[in-house]
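Written below as structure tokens is the structure these notes are about.
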Protein chains: 2
Amino acid sequence: MITIKDIAEMANVSRSTVSRVLNDSGYVSEDARKRVERVVKETGYVPSEHAKSLRTKKTKVIGVILPTIQTETPSRIVTGLGRELSKHGYQILLANTDHDKEKELEFLDLLKVRQVDGIVLIATNTDDKLMEKIKEINTPLVMIGQEAEGVIHVTYNDYRATKELTRLFIQKGHEKIAFIGVDESDRSVGHFRKQGYLDEMAAQGLSVDKAWVQKGIFDIESGYEAMKQILNHAVNKPTATIAVTDRLAIGAMSYLKEQGMDIPTDMAIAGIGASEMSQYLEPPLTTVDYQNEKAGEEGAKQILACINSKPFQERIVMNYRLIIRESVQ
Amino acid sequence: MITIKDIAEMANVSRSTVSRVLNDSGYVSEDARKRVERVVKETGYVPSEHAKSLRTKKTKVIGVILPTIQTETPSRIVTGLGRELSKHGYQILLANTDHDKEKELEFLDLLKVRQVDGIVLIATNTDDKLMEKIKEINTPLVMIGQEAEGVIHVTYNDYRATKELTRLFIQKGHEKIAFIGVDESDRSVGHFRKQGYLDEMAAQGLSVDKAWVQKGIFDIESGYEAMKQILNHAVNKPTATIAVTDRLAIGAMSYLKEQGMDIPTDMAIAGIGASEMSQYLEPPLTTVDYQNEKAGEEGAKQILACINSKPFQERIVMNYRLIIRESVQ
DNA sequence: CTGTTAGCGCGTTCAA
DNA sequence: TTGAACGCGCTAACAG
């Protein structure tokens, strides 16, 4: 392996001079610079990042913890993160928890050991254990998707999005609106989205039948099951349904079709997430675009600012955009 | 930051003894071992990976280069890779080329500089430049998705898959079969899949109308366009279509429906990739399951074997599985 | 403007 | 069985 020492000898200067040329720091005579640059070019030499890290305590690596990369939301966020980070010479060390909360904690430790410069956590919960660990590792960290006191975070306006979706249905004349959510331990997707729905219903003086509110997990199948529950158990049949993710909505639509029901005539439906598929469904699905890639970019900017001790915003709430399609009438 | 030196002092031994305990190397008295272990536990000390890497030249990091993580194939592969690698204490350094061949080359260099122990390349081409660079960087490397002489690779049986799909259509009575492919610079998806189709058609004595064979890129929209081309330009209208990805098939289906054509009566259709959506389409799409996660795991095993100088297979061809659904009749 | 020197945190001889 | 000493490749004082 070729090292700085070799370059120094070949260019007839000291190692420090080579270092200065490479890092553009301190004074170097034009002559010496040229010689070094020539040798570096000829040999294709690149300094060892590890040796550098050992000295500078900087790694130019950002750890990214996520629950899965098999769904569109996290993969879009990572794309946004990667785009912004690579602009500044940072790379991503990936940590996939596979939805395992224990692993989430382990990875925080692990990334700390790897001495990443910062961590981006695509979060699905804000459990006490998690928050404690975050404080404990004491590394610059940005959370995406959940809000949390004392932690830099980028979130979506979950509450307002479902509130607006609910209002949309009501404006179209619906009064019996069902809701397919997820567990409330996920504050953003589970709690706030549900609350927006409930509050708007209440605000418009509409009551909510208990059987209208069902829960799934983050897959298509459970959306199917949830819709089945709604139709089987509701005495008073709803005419519209809000699902907190497009996948849940797709599952729900699948059950509706199986039952020979027409969308949106018999049941209007909306999802959240603006999945690529949503516009190719039958009928095309009304949904909410959360601009995940942009959220990723924003997260990257904040973590970089934090690392470089520049001013950063602790709280960023992304804008969303309603996409109204034929599944709503 | 707490270092090996601190532990040594606290345990009243030398740094080397601590190192021996940590790495289970050389003789250490039971007594000393206990003391060190206790201190390590109490302090929560973990050795610096960077210092270690500097010494041992091993990083326990695998670089993964991919064209995008926004489609199912690569994200499934990464999931498989991650699962297997993390079992052995390795982590993934992500490099997203965003379909840019130049970046692919740059990342190979960059990962080399980062001194990753190995590289997994989810490849979309086998250009000379790329192959040269692979030789040049001289780092253990496994290619997934394309075959290449002299490089460890995991591929799918693209040729046989489309051949079998073609035969399936023919068995069902179809004689005029169209094909939506991608550029042949992608040997696997572009060339081999097309060749399987062409060969089977020829083998069965069926001719192929030029207008039946169209090309898209890897998105839904271009599948739509390709089907439009087929229907507009074919004098002799085909009754079935094979698309080389599910997304292309979805786009094609979208155009067919727009034209009021029935699937599969007016046009039977099949894709490849077993995307999660495929079973929820109308009608459910016939497709081919390539077991991408398993391919990822297999790739991980090979790169680890290569790194640890154990025997490895240079060429692995994954099995596939036909999933026959209602889009074919 | 440049070279010498001194570590960063660790693993690994080599004597003792 | 243990510790002293060295060096991995690099940056950052410091002195010249």
Side-chain angles (χ1 to χ4, degrees), chain A residues 1-40 43-61 89 110-117 139 308, chain B residues 1-40 43-61 89 109-117 139:
Chain A
M1 192 200 192
I2 171 160
T3 76
I4 197 172
K5 197 180 151 206
D6 303 322
I7 304 295
E9 282 167 5
M10 293 171 74
N12 246 304
V13 292
S14 74
R15 285 161 14 193
S16 2
T17 301
V18 177
S19 176
R20 286 189 196 100
V21 172
L22 259 31
N23 299 297
D24 240 0
S25 63
Y27 300 100
V28 179
S29 69
E30 202 48 34
D31 185 45
R33 174 181 305 277
K34 287 267 181 277
R35 286 211 307 280
V36 171
E37 281 171 349
R38 216 174 59 92
V39 176
V40 166
T43 55
Y45 163 77
V46 270
S48 151
E49 286 295 331
H50 292 290
K52 237 166 150 166
S53 299
L54 191 57
R55 251 331 289 231
T56 61
K57 306 292 171 205
K58 301 244 169 256
T59 59
K60 289 269 183 176
V61 171
L110 188 60
L111 291 177
K112 166 90 177 178
V113 173
R114 290 272 186 196
Q115 289 173 228
V116 294
D117 291 345
T139 299
N308 301 312
Chain B
M1 192 201 190
I2 171 162
T3 76
I4 198 172
K5 197 179 152 206
D6 303 320
I7 303 295
E9 282 168 6
M10 294 171 71
N12 246 303
V13 292
S14 74
R15 287 166 11 199
S16 352
T17 302
V18 177
S19 175
R20 285 190 197 101
V21 172
L22 260 34
N23 299 297
D24 240 1
S25 62
Y27 299 102
V28 179
S29 69
E30 200 49 34
D31 185 45
R33 174 183 304 277
K34 286 268 180 274
R35 287 209 308 281
V36 170
E37 281 172 349
R38 215 173 59 90
V39 176
V40 167
T43 55
Y45 163 77
V46 269
S48 152
E49 286 295 333
H50 292 291
K52 239 167 145 165
S53 298
L54 192 56
R55 256 319 300 224
T56 63
K57 306 293 172 207
K58 301 244 169 254
T59 58
K60 288 266 182 182
V61 171
D109 277 329
L110 188 58
L111 291 177
K112 167 90 178 179
V113 172
R114 290 274 186 196
Q115 290 175 225
V116 295
D117 291 345
T139 298

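Here is the naming used below: chain letters follow the sequence lines, and residue numbers restart at 1 for every chain. As a basis for the values below, the full set of heavy atoms in this structure was taken, side chains included, without hydrogen atoms, waters or symmetry mates.
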Within less than 4.0 Å of OP1 or OP2 of dG3(D), is there a side-chain N or O belonging to Thr17(B)? yes
Distance-minimising heavy-atom pair for Lys112(B) and Thr139(B): CD-OG1, 3.5 Å
Would you mind telling me which residue lines up with the more 5' stretch of DNA chain D, Leu54(B) or Arg33(B), judged by nearest nucleotide? Arg33(B)
Is there, by distance only and without an angle test, a donor paired with an acceptor across the side chain of Ser16(B) and the base of dA4(D) below 3.5 Å? yes
Any side-chain heavy atom of Asp24(B) within less than 4.5 Å of one from Arg33(B)? yes
How many Å lie between CG on Asn23(A) and P on dC10(D), as a whole number? 10 Å
Report the nucleotide, chosen from dG9(D), dC10(D), dG9(C), that has the shortest atom-to-atom distance to any side-chain atom of Lys57(B). dG9(D)
Evaluate the side-chain proximity of Arg38(A) to Lys34(A): yes if any heavy-atom separation is below 4.5 Å, no if none is. no
Rounded to whole Å, how long is the line connecting atom NE2 of His50(B) with atom C1' of dG9(C)? 11 Å
Is the shortest side-chain heavy-atom distance between Val40(B) and Leu22(B) below 4.5 Å? yes
Expressed as a whole number of angstroms, how long is the span from Lys60(A):NZ to dC10(D):P? 17 Å
Is any side-chain N or O of Ser19(A) closer than 4.0 Å to OP1 or OP2 of dC10(D)? no
The side chain of Ala51(A) lies closest to which of these nucleotides: dG9(D), dT11(D), dC10(C)? dG9(D)
Interatomic distance where CG belongs to Leu22(A) and P belongs to dA12(D) [whole Å]: 12 Å
Has the side chain of Ser19(B) got a donor or acceptor atom that lies under 3.5 Å from a matching backbone atom of Arg15(B)? no
Most 5' of Arg15(B) and Ser48(A) on DNA chain D, judged by nearest nucleotide: Arg15(B)
Donor/acceptor link under 3.5 angstrom from Arg20(B) side chain onto base of dT1(D): no
For dC10(C), does OP1 or OP2 lie under 4.0 Å from any side-chain N or O of Tyr45(B)? yes
From the candidates dC1(C), dT2(D), dG9(C), the one with an atom nearest any side-chain atom of Ser29(B) is dT2(D)
State, yes or no, whether a side-chain contact exists between Lys52(A) and Asn23(A) at a heavy-atom distance under 4.5 Å. yes
In whole angstroms, how far is the C1' atom of dC10(D) from the CG atom of Asp6(A)? 13 Å
Send over the distance from Ile4(A) CD1 to dG3(C) P, rounded to a whole Å. 12 Å
Any heavy-atom pair between the side chains of Val61(B) and Arg114(B) that's under 4.5 Å? no
Heavy-atom distance under 4.5 Å between the side chains of Met10(B) and Thr43(B), does that happen here? yes
Between dT1(D) atom P and Lys34(B) atom NZ, what is the distance in whole Å? 14 Å
Terminal axes of the helix from dC1(C)-dG16(D) to dA16(C)-dT1(D) (five pairs each): angle between them, nearest 10 degrees: 40°
Per the atom types in the model, does the base of dG9(C) pair as donor or acceptor with the side chain of Arg55(A) at under 3.5 Å? no
Output the rounded distance in Å from CG (Asp24(B)) to C1' (dG11(C)). 14 Å
Please check the phosphate of dG9(D) (OP1 and OP2 only) for any side-chain N or O of Thr3(A) closer than 4.0 Å. no
